[in-house]
Trainee: 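A single structure is presented below for examination.
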Amino acid sequence: MFGYSSRMPAATILHADLDAFYASVEQLLDPSLRGKPIAVGGGVVLAASYEAKRFGVTGGMPGRQARVLCPDLRFVPGNFFEYQRLGDEVFEVCRDFTPVVERISIDEAFLDVTGSVHLFGPASDIAATIRRRVQAEIGLPLSIGVARTKHLAKIASQVAKPDGLVVVEPEDEIAFLSPLPVRLIWGVGPVTGERLAAEGITTIGDLAEESPGRLASLLGQAAGPKLASLARNHDPRRVEVERRAGSVSAQSAVGRMRATPELVSATILHLADRVTSRLRGRQRAGRTITARVRFTDLRSVTRSATLAAAVSTTSIVSTVACELVASALADHAHEREVSLLGVAVSGLEMSPVLQLELPLGLEDQHLRPGTPRSADRWSLERSVDAARERFGRDAVGYASVGLSDRRVPDDFRQLAERPL
DNA sequence: TCTGGGGTCCTAGGACCC
DNA sequence: TCTGGGGTCCTAGGACCC
């Protein structure tokens, strides 16, 4: 009977994930690196090839430790502009099959092909074609998971790696999920994983048998029930094409630094400038300024202040952030050295030309007498921005005084930036 | 010799208002 | 004199993701 067939929705969500992305690009660009254990980075491993991962080398690991695990490990400096270019090319291929592409990072995206199957055939065929094209036209391995929901598709792509395709048909979902470790669930990290393991919960099937109430008392009012419903295979999230960032931040590891006012203000000025020039470039501004200080034992503290109006000027943000750092340091007077400083602006709003008038009275209360009037400074900063647009980001700016040379290149930072 | 950088979301407590 | 509940905003910290 026509109207009564209770067929389940088809598997039309794809999660596409480039394998060991930076390392794969290096092996693509330099054939002599293919099949060899390599790491992008130096002081710290930013990415490792599968050959290196086999030795236990992972991203974020100190270079020295990686060399111990894998003596033949070859370090390459990184072609960051190529990562951006090739990543964009890959997801342009995806867009040939659907406009509904949610890019979640440089190397990863969700696709909804519900509206495309009548043109290109079933989602599994689309996924196979995308993988073939990305390999043939760009030369990179791409793993794809295909399923009915984002949660399932993401897990499927993890299972598919490296260079694989896993399709979870609706009738197979429970059998697919149940035996998998809870750590594969998006949102279950080391702490939650341990907490669950302590209760004897190790597989997604175990998790699905727990009551939401028990999980809520174990993991919190929000996380518990959310996890329970994912484990029971309910995932209402849609693939969303565009999402703007709600905060901007910049931070810098400074090795070990005596927190003198001079070094703090020079570093904070540099970081505030990174953050606010991005804001100004997108006509945005934010009300809340947060400063982060990490001490040498890796404990970190934050201090924040919410202003009456949204701001995007380097001078206001750096002045407020310096005061916040000073207050954090005053609360930890026994700490003599810091290992990281950070600045964030959140509570973002659109900020058209109005920005010129708004902060006038507001910022002056944060500034010493004798500094240029805010409108003058704002137009000065706009001309700095303009010079950067013409001559590049490094053409004009505040020196990054006191930053150790282990610091990550600016090109790499830009890869991680989310569109504002 | 101690893991880099840019983000999101949640929690808990306090201030303040009605 | 002591008593209640709820909403909103802010701050600080933490887990997690890529």
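Naming convention: chains lettered A, B, ... in sequence-line order (proteins, then strands); numbering from 1 in each chain.
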Trainee: Quick check on C:dA12: is either OP1 or OP2 less than 4.0 Å from any side-chain nitrogen or oxygen of A:Ser304?
Mentor: yes
Trainee: Looking at every strand, decide which applies to A:Asp297 at a 4.0 Å heavy-atom threshold: base, sugar-phosphate, or nothing.
Mentor: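 A:Asp297: no heavy atom of the nucleic acid under 4.0 Å.
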Trainee: Which nucleotide sits closest to the side chain of A:Trp186: C:dC16, C:dG13, C:dC18?
Mentor: C:dC18
Trainee: Under 4.0 Å: is that the gap between some side-chain N or O of A:Lys226 and OP1 or OP2 of B:dC9?
Mentor: no
Trainee: Side chain of A:Lys154 only, please: which of B:dG6, B:dT8, C:dC17 is the nearest?
Mentor: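 The listed nucleotide nearest to A:Lys154's side chain is C:dC17.
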Trainee: Report the distance from atom CG of A:Leu415 to atom P of C:dC17, rounded to the nearest whole Å.
Mentor: 21 Å
Trainee: Just compare B:dG7, C:dC17, C:dA12 and give me whichever is closest to any side-chain atom of A:Thr302.
Mentor: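 Nearest nucleotide to the side chain: C:dA12.
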Trainee: Hey, is A:Arg148 close enough to A:Asp235 for a salt bridge, meaning N to O under 4.0 Å?
Mentor: no
Trainee: Nearest to the A:Arg278 side chain among B:dT8, B:dG6, C:dC17, which nucleotide is it?
Mentor: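 Looking only at heavy atoms from C-beta outward on A:Arg278, the closest nucleotide is B:dG6.
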Trainee: Between A:Glu417 and A:Arg413, is there a salt bridge with N-O shorter than 4.0 Å?
Mentor: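 Here A:Arg413 does not pair with A:Glu417 in a salt bridge, since their nearest N and O are not under 4.0 Å apart.
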Trainee: Any base atoms under 4.0 Å from A:Gly60, or only sugar-phosphate, or nothing? Heavy atoms, all strands.
Mentor: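 Touches a base.
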Trainee: Inspect the contact between A:Glu323 and A:Arg303 and indicate whether a charged nitrogen and a carboxylate oxygen are less than 4.0 angstrom apart.
Mentor: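 Looking at A:Glu323 together with A:Arg303, the answer is no, because their closest N to O distance does not fall below 4.0 Å.
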Trainee: When the distance from CZ of A:Arg237 to P of B:dT8 is rounded to whole Å, what number comes out?
Mentor: 16 Å
Trainee: Picking from B:dG6, B:dT11, B:dG7, which would you name as closest to the side chain of A:Ala222?
Mentor: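 Looking only at heavy atoms from C-beta outward on A:Ala222, the closest nucleotide is B:dT11.
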Trainee: Taking only Lys NZ, Arg NE, NH1 and NH2, and the carboxylate oxygens of Asp or Glu, determine whether A:Glu51 and A:Lys36 approach each other closer than 4.0 Å.
Mentor: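 Here A:Glu51 does not pair with A:Lys36 in a salt bridge, since their nearest N and O are not under 4.0 Å apart.
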Trainee: Categorize A:Gly246 for me: base, sugar-phosphate, or nothing, with a 4.0 angstrom heavy-atom threshold over every strand shown.
Mentor: sugar-phosphate
Trainee: Specify the separation, in whole Å, of atom CG of A:Leu340 and atom C1' of B:dG4.
Mentor: 9 Å
Trainee: Both A:Arg256 and A:Gln221 contact DNA chain B. Which one's nearest nucleotide lies toward the 5' end?
Mentor: A:Arg256
Trainee: Would you mind checking if A:Glu108 and A:Arg103 are paired as a salt bridge, meaning a charged N to carboxylate O distance below 4.0 Å?
Mentor: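 Looking at A:Glu108 together with A:Arg103, the answer is no, because their closest N to O distance does not fall below 4.0 Å.
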Trainee: Nearest-Å distance, CZ (A:Phe80) to P (B:dG4)?
Mentor: 15 Å
Trainee: Pick the closest DNA chain C nucleotide for A:Arg287 and for A:Arg292 by heavy atoms, then say which residue is nearer the 5' end.
Mentor: A:Arg287
Trainee: Does A:Ser247 make a side-chain N or O approach to OP1 or OP2 of B:dT8 shorter than 4.0 Å?
Mentor: yes
Trainee: I want to confirm an ordering. Mapping A:Arg195 and A:Ala416 to their closest nucleotides on DNA chain C, which one lands closer to the 5' end?
Mentor: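 The residue whose closest nucleotide sits nearer the 5' end is A:Arg195.
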Trainee: Please tell me which of A:Arg418 and A:Ala223 maps to the more 5' nucleotide of DNA chain B, matching each residue to the nucleotide holding its nearest heavy atom.
Mentor: A:Arg418
Trainee: Classify A:Ala344 by what it touches in the nucleic acid, base, sugar-phosphate, or nothing, heavy-atom distance under 4.0 Å.
Mentor: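 Here A:Ala344 touches no strand at all.
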Trainee: What contact category does A:Ile185 fall into here, base, sugar-phosphate, or nothing, at under 4.0 angstrom with non-hydrogen atoms?
Mentor: sugar-phosphate
Trainee: Determine: side-chain N/O of A:Thr306 to OP1/OP2 of C:dT11, distance under 4.0 Å, yes or no.
Mentor: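 Checking A:Thr306 against C:dT11: at least one side-chain N or O falls below 4.0 Å of OP1 or OP2.
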Trainee: Between A:Asp19 and A:Lys53, does at least one N-O distance fall below 4.0 Å, as a salt bridge requires?
Mentor: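 Salt bridge between A:Asp19 and A:Lys53, a charged N being under 4.0 Å from a carboxylate O: no.
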Trainee: For C:dC16, give the paired nucleotide (Watson-Crick: N1-N3 plus N6-O4 or O6-N4; G-U: N1-O2 and O6-N3; both under 3.5 Å), or none.
Mentor: B:dG7
Trainee: Mind calculating the distance between CG (A:Leu279) and P (B:dG6) to the nearest angstrom?
Mentor: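 That distance rounds to 13 Å.
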Trainee: Looking at C:dC17, B:dT3, B:dG7, which one has an atom nearest to any side-chain atom of A:Pro62?
Mentor: B:dT3
Trainee: Looking at A:Ser249, I'd like to know whether one of its side-chain N or O atoms comes within less than 4.0 Å of OP1 or OP2 on B:dG7.
Mentor: yes
Trainee: Send over the distance from A:Glu108 CD to B:dG7 P, rounded to a whole Å.
Mentor: 17 Å
Trainee: Within the structure shown, what part of the strands sits under 4.0 Å from A:Thr192 by heavy-atom distance: base, sugar-phosphate, or nothing?
Mentor: sugar-phosphate
Trainee: For A:Leu307 and C:dC10, give me the distance from atom CG to atom C1', rounded to whole Å.
Mentor: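 It works out to 13 Å between those atoms.
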Trainee: What contact category does A:Val301 fall into here, base, sugar-phosphate, or nothing, at under 4.0 angstrom with non-hydrogen atoms?
Mentor: sugar-phosphate
Trainee: Could you state the CG-C1' distance from A:Leu46 to C:dC18, rounded to the nearest angstrom?
Mentor: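 In whole Å, C:dC18 C1' and A:Leu46 CG are 13 Å from each other.
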Trainee: Please report the distance separating the C1' of B:dT3 from the corresponding atom of C:dC16, rounded so that it comes out in whole Å.
Mentor: 16 Å
Trainee: Where do A:Arg238 and A:Glu102 come nearest, in terms of heavy atoms and distance?
Mentor: O-OE1, 3.9 Å
Trainee: What's the closest nucleotide to the A:Ser105 side chain, out of C:dC16, C:dC18, C:dA12?
Mentor: C:dC18
Trainee: Identify which nucleotide among C:dC16, B:dT1, B:dG7 has an atom closest to any side-chain atom of A:Val248, counting heavy atoms from C-beta outward.
Mentor: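 Closest of the options to the side chain of A:Val248: B:dG7.
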Trainee: Is the closest side-chain heavy-atom distance between A:Leu14 and A:Thr98 below 4.5 Å?
Mentor: no
Trainee: Where does C:dC2 land, syn or anti, once you apply the within-90°-of-0 test for syn?
Mentor: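 Classified anti.
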